[in-house]
Structures are given as structure tokens and as C-alpha cells.
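In what follows, chains carry the letters A, B, and so on, assigned in the order in which the sequence lines appear, proteins first and then strands, with residues in each chain numbered from 1.
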Amino acid sequence: MSNLTILRSYAQKAHPETLPPSVLLGFSDKTLTIFDAYPKSVFHFLILPRIRPPLTVFDLASLRTLLKADKAHARSVLDALSEEAEKTKRLIREEMGKRYGYEWDIWTGFHAVPSMEHLHLHVLSADLCSPSMRHKKHYNSFHPTRGFFLPLEDVRGWFDAEPSYLETMRELKKSAYEPLLKEDLACWRCGAAMKNMPTLKAHLQEEWEKEEKAQKAKLQRKRKREEVPEDAAEKKSRLSTAALPCGESDTV
DNA sequence: GTTCTAGAAC
DNA sequence: GTTCTAGAAC
């Protein structure tokens, strides 16, 4: 089932609800959100634009083709993807809380050189811990500062710069981006060099556990901060009640 | 993605 | 010698 045009076949569906729930998370008039078949993080979804005139299946083939289409329409596709990404992020945060008891970052962006046809926005939790994360090129393609992963907000920003900037960036040449996938492995959090994937994966797992501890400690501190003012308010009300007979309650 | 192979690591 | 890993071919 894993061929190069599977995403296109999803995006072309007039009735996305016919897709199995194992594939489809949800859809709107303009977009469709699916589970990545090979998640590279704990949470990993793809948001696809549906075919809506005047844009064609060809315009929506990739980020490259979209950015060469009519500017206003291209921008509105990115806006629709962004809106849906925000909803997906809220859902992920809820799930993080339920399943793990804390929340961590979520990335949204495109691969500069996609491996499958039809534009797809990646929405994934910032951990890169997953059994499907197996090869160097998988990892480097999501490394947040390698350059291959293009954050959605950066791409939207290209529209606001000089027109020539968009014209340059939209080339998305394979020859410029593919070499980034072959760069040496380094932890995206601490920058430490890793000699191979098993070492990197063990390290990322540790980093994620550190994040969990840090976030949970933060939650504890927050709870304590929130307890103290409540206590103080209770004491204050008790004191003022006690002080009432003296008529000095408002100075406590 | 899977399969295959060469070379490294043990 | 066996196992593991990365990279190429498909």
C-alpha cells in the first residue's frame, strides 16, 4: 500500500470519511489529517490540502509546485494547513497530558524534498523517538536546524519578504537539500555527535526522559505556586473574620 | 519501505 | 566467526 501516490489518492477523495479510522484523524472542507504510516516521533500526523479550484492536483503536487502557483491561492492553502495544524496540535497536547502527564513541543513543517507525491505538512512531537526512526536520512530530514525540515512559519514568512526571496526559496533544488540528509548524526537537543543510529536513538530516549523530568518538576513548582496564594487567601479570610470584632479587618 | 552486501565491531 | 550497521539498489 505504500506507494508514492497514496497521499494524492487520499486528497482526491470526495468522501474522506470512507477512509479507515486507522488512517484518517479528521478532515475539513480544505484539508485532511492522517496518521503518518511510519511515525518518526511519539505523535506524527500529516495534513494534506484537498483539491479545490482553481488549484489543481498538479499545483498541489508539492511545496515546490504550490509556491509556483498563484501567490494568493498558495498563501490560502498554507493558511488552511496552518489552521488545521493548530487544531491537531491542541489534540496532541491533550493526548500528551492524558498518556504521559506532561506536554512537550510540537513541530510543523515540510520536507524540502518530499518522498511522496502530494503536498503534506508534518505535525510531529519534538522527540524523534519512535521505532520507525531507523535511518540517518529519516533523522536528518526532521532535525529542526539541519535545513531539510522547513518550518511552516518560515515558509509563510517567505511571502512577506521581497518577491525575489520567494522566487529563490521556491526552487527547492534536490542538489541543494539532499546532501543535508547525509550529514553526520548529532543530537538536535544538545548537539552531541553520535556515531550511529542505535547510539543516537538511545541518547534521544535519555534526552526525552530528561525533558519529562524537567516538565514534571515544572508542573510541581507551578502547583506549589498556585497552592500558596490559596492558603494565604484562606488565612486572610480566617484572620479577617477573627479580626472583625475589632473593626481592623481591611488592614490585614 | 525492503533487500542485499560490504565492512566494521565485537 | 558472528553480529551489527550503513548505504546502495530496487
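A:K195 places its NZ atom 10 Å from the P atom of C:dA6, with the value rounded to the nearest Å. Between the CG atom of A:L200 and the P atom of C:dT5 there is a distance of 12 Å, given to the nearest Å. Per the geometry, CG belonging to A:L181 stands 15 Å off P belonging to C:dA6, to the nearest Å. If you measure from atom CD of A:E178 to atom C1' of C:dG7, you get 14 Å, rounded to the nearest angstrom. If you measure from atom CG of A:L4 to atom P of C:dC10, you get 16 Å, rounded to the nearest angstrom. As rounded to whole Å, 13 Å separates atom C1' of C:dG7 from atom CG of A:L185. We find that CE of A:M197 is positioned 18 Å from P of B:dA9, with the value rounded to whole Å. Atom CE of A:M116 is separated from atom C1' of B:dG1 by 10 Å (rounded to the nearest Å).
Heavy-atom minimum distance, A:V155 versus A:F110: CG2-CD1, 4.1 Å.
At C:dT5, none of the side-chain N or O atoms of A:K201 fall inside 4.0 Å of OP1 or OP2 (strictly under the cut-off). Residue A:H138 places at least one side-chain N or O under 4.0 Å from the OP1 or OP2 atom of B:dG1. Contact annotation: A:R134 reaches the phosphate of B:dT2 (side-chain N/O to OP1 or OP2, under 4.0 Å). Distances shown here put a side-chain N or O of A:K136 below 4.0 Å from the OP1 or OP2 atom of C:dG7.
Using a 4.0 Å cut-off between charged side-chain N and carboxylate O, A:E86 and A:K89 make a salt bridge. Looking at A:R75 and A:D160, a side-chain N of the basic residue comes within less than 4.0 Å of a carboxylate O on the acidic one, giving a salt bridge.
The ring pair (Phe, Tyr, Trp, His ring centres under 6.0 Å) test with A:W188 is passed by exactly one of A:F142, A:W208, A:W107: A:W107.
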Quick one: do A:D184 and A:K195 satisfy salt bridge (charged side-chain N to carboxylate O under 4.0 Å, His left out)? Show the steps, please.
-> CA-CA 8 Å; A:D184 292 344; A:K195 64 178 195 294; over 6 Å; no
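With C:dA6, B:dT2, C:dA8 as the candidates, the nucleotide lying closest to the side chain of A:N196 is C:dA6. Across C:dA8, B:dG1, C:dT5, the shortest atom-to-atom separation from the side chain of A:P198 is found for C:dT5.
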